[in-house]
Amino acid sequence: MIRRRDFITLLGGAAAAAWPLAARAQQDGRTRRRVAVIAATDNASARAAKAATSTIPVVFLVGSDPLSLGLIASLARPGGNLTGINFFAAELVAKRLELLRDLVPGATRFAVLVNPADAEVTEATLRDAQAAARAMNVQIRPLEASSSREIDATFATFVNERPDALSVAPGPFFTSRRVQLTHLATFHRVPAIYSGRQSAEAGGLMSYGASLTDAFHHIGVYAGRILKGAKPADLPVEQSTKFELVINAQTARILGLTVPEKLLAAADDVIE
């Protein structure tokens with residue numbers, strides 16, 4: 001059992017508010033004794049953790065390559081005080097577009113919604129989307145939104161120029177706005193795919209991505225090992241191996257789509 005005082009978790013936007021505690025950990029002896037492990041659960045909080053402390057062990061969960069984020073020295077031997085899990089948020093763009101094409105065979109115009117405030121994920125998403133589009137012989141239309149108002153404005157453009165399908169990039173912001181996104185996609189009758197099952201459960205048509213439940217389990221395992229004496233520098237960064245395809249059959253019916261049997265058979269969960 002992990003004692004509460006030993007374990008701090010930084011969650012997305014909450015990192016900015018929670019981080020002063022961790023930063024003070026290097027200066028305040030009492031805090032340093034209380035905080036034994038920090039869990040950072042997105043790219044921004046992982047970077048904040050690295051910038052704030054070089055002594056407190058940090059277990060991260062990131063959706064981009066931790067090497068490119070500058071968090072570690074290598075996957076096998078991270079070095080320093082950070083290790084964790086890469087759950088391949090951005091790297092699955094091509095697969096999501098393929099799944100959309102399977103569900104909407106005649107689709108040729110794909111929109112990809114990204115959050116420009118999340119620079120690493122946006123760059124990787126658009127790069128992989130363009131490569132996949134060339135291979136599939138389809139068109140990609142990048143769309144940007146980093147606020148609720150910008151999401152509304154983006155979908156408003158669909159009145160005059162509606163894409164055949166939409167892929168929503170991963171990231172904490174879009175996950176937090178999943179109800180807004182799924183409602184707007186259904187209202188504009190745009191088949192859309194998301195990175196996490198939370199969006200499909202909120203009414204989104206389909207999601208495909210690494211299992212966050214599995215990833216959080218691995219964070220807990222690593223935190224437990226560190227509390228028992230293991231060093232982050234000696235714990236290799238793990239890569240997610242469990243991926244989930246979730247289909248919302250009710251939303252498919254609302255959109256007038258027939259889900260192919262091969263997709264139903266491949267789905268980990270079908271929401272009726």
Inset, instruction - May I ask you to decide if L245's main-chain N or O and D268's side chain share a donor-acceptor pair within less than 3.5 Å? - result: yes
Legend entry - Expected output: side-chain R162 to main-chain R189 donor-acceptor under 3.5 Å: yes
Legend entry - Closest non-hydrogen atom pair, D152 against Q180: OD1-NE2, 2.9 Å
Legend entry - Side-chain donor-acceptor pair present, S146, E150, cut-off under 3.5 Å: yes
Inset, instruction - Kindly indicate whether the side chain of S240, heavy atoms from C-beta on, has any atom under 4.5 Å from the side chain of I85. - result: yes
Inset, instruction - Determine the minimum heavy-atom distance between Y208 and R96, stating which atoms define it. - result: O-NE, 2.7 Å
Inset, instruction - Would you kindly confirm whether I140 and M136 end up in one hydrophobic cluster when ILVMFWY residues are joined by side chain heavy atoms under 4.5 Å apart? - result: yes
Inset, instruction - Take L181 and F155, measure what side-chain contact (heavy atoms from CB on, under 4.5 Å) needs, and give me the verdict at the end. - result: CA-CA 9 Å; L181 288 164; F155 276 88; 3.8 Å; yes
Legend entry - F243 vs K95, side-chain contact (heavy atoms from CB on, under 4.5 Å): CA-CA, chis, key distance, verdict: CA-CA 11 Å; F243 302 91; K95 179 63 175 179; over 6 Å; no
Inset, instruction - Kindly assign one of parallel, tilted or perpendicular to the pair H188 and F158, based on the angle between their ring planes and the thresholds 30° and 60°. - result: perpendicular
Legend entry - Side chains of T154 and L184 in contact at under 4.5 Å (non-hydrogen atoms): no
Legend entry - Whether over 12 other heavy atoms sit under 6.0 Å from Q250 CD: no
Legend entry - Single-linkage hydrophobic cluster, 4.5 Å side-chain cutoff, V259 and L99 together: yes
Legend entry - Audit row: R141, T157, side chain to side chain donor-acceptor pair (under 3.5 Å) steps and yes/no: CA-CA 12 Å; R141 176 187 170 195; T157 67; 3.2 Å; yes
Legend entry - Distance in Å, I38 CD1 paired with K50 NZ, rounded so as to fall on 0.5 Å steps: 13.0 Å
Inset, instruction - Heavy atoms only: give me the nearest A192-L205 pair and the separation to one decimal. - result: O-CB, 3.4 Å
Legend entry - Closest heavy-atom pair and its distance - D42, P172: OD2-CG, 3.5 Å
Inset, instruction - Please assess L235 against V59 for the test side-chain contact (heavy atoms from CB on, under 4.5 Å), listing each intermediate value before the final yes or no. - result: CA-CA 10 Å; L235 296 174; V59 182; over 6 Å; no
Inset, instruction - List the atom of T251, the atom of G204, and the distance in Å for their closest heavy-atom pair. - result: OG1-O, 4.1 Å
Inset, instruction - Could you check if a side-chain atom of F110 sits within less than 4.5 angstrom of a side-chain atom of L97, using non-hydrogen atoms only? - result: yes
Legend entry - Gap separating the CD1 atom of I219 from the CG atom of D214, nearest 0.5 angstrom: 11.0 Å
Legend entry - Heavy-atom check, side chain of Y222 versus side chain of V37, under 4.5 Å: no
Legend entry - Single-linkage hydrophobic cluster, 4.5 Å side-chain cutoff, L92 and Y194 together: no
Inset, instruction - Report the residue from T258, L255, L263, I247 that forms a side chain to side chain contact (heavy atoms under 4.5 Å, CB included) with L103. - result: L263
Inset, instruction - Answer yes if I72 and V62 sit in the same cluster of Ile, Leu, Val, Met, Phe, Trp and Tyr residues linked by side chain heavy atoms under 4.5 Å apart, and no otherwise. - result: yes
Legend entry - Point-to-point distance, once rounded to the nearest 0.5 Å, from CG of D164 to OG1 of T108: 4.5 Å
Legend entry - From T41 atom OG1 to F87 atom CZ, the distance as rounded to the nearest 0.5 Å: 9.0 Å
Legend entry - Side-chain donor-acceptor pair present, S68, E120, cut-off under 3.5 Å: no
Inset, instruction - For the residue pair L69 and R47, establish whether any side-chain heavy-atom pair is separated by less than 4.5 Å. - result: yes
Inset, instruction - Answer yes if V190 and V112 sit in the same cluster of Ile, Leu, Val, Met, Phe, Trp and Tyr residues linked by side chain heavy atoms under 4.5 Å apart, and no otherwise. - result: no
Inset, instruction - Kindly indicate whether the side chain of P232, heavy atoms from C-beta on, has any atom under 4.5 Å from the side chain of L82. - result: no
Inset, instruction - Output the distance between atom CE (M206) and atom CG (N248), rounded to the nearest 0.5 Å. - result: 11.0 Å
Legend entry - Flag side-chain contact, heavy atom, 4.5 Å: K231 against T83: no
Inset, instruction - For the pair N115 (side chain) and A169 (backbone), establish whether a donor and an acceptor sit closer than 3.5 Å, ignoring hydrogens and angles. - result: no
Legend entry - Where L75 and P66 come nearest, the two heavy atoms and their spacing: CD2-CG, 4.0 Å
Legend entry - Greater than 12 external heavy atoms within 6.0 Å of E123's CD: no
Inset, instruction - Check whether more than 12 heavy atoms from other residues, nucleotides or ligands sit under 6.0 Å from atom CD of E272, and answer yes or no. - result: yes
Inset, instruction - Report the distance from atom CG of L113 to atom OG1 of T122, rounding to the nearest 0.5 Å. - result: 9.0 Å
Inset, instruction - Would you indicate whether the side-chain heavy atoms of R197 and T213 approach each other to under 4.5 Å? - result: no
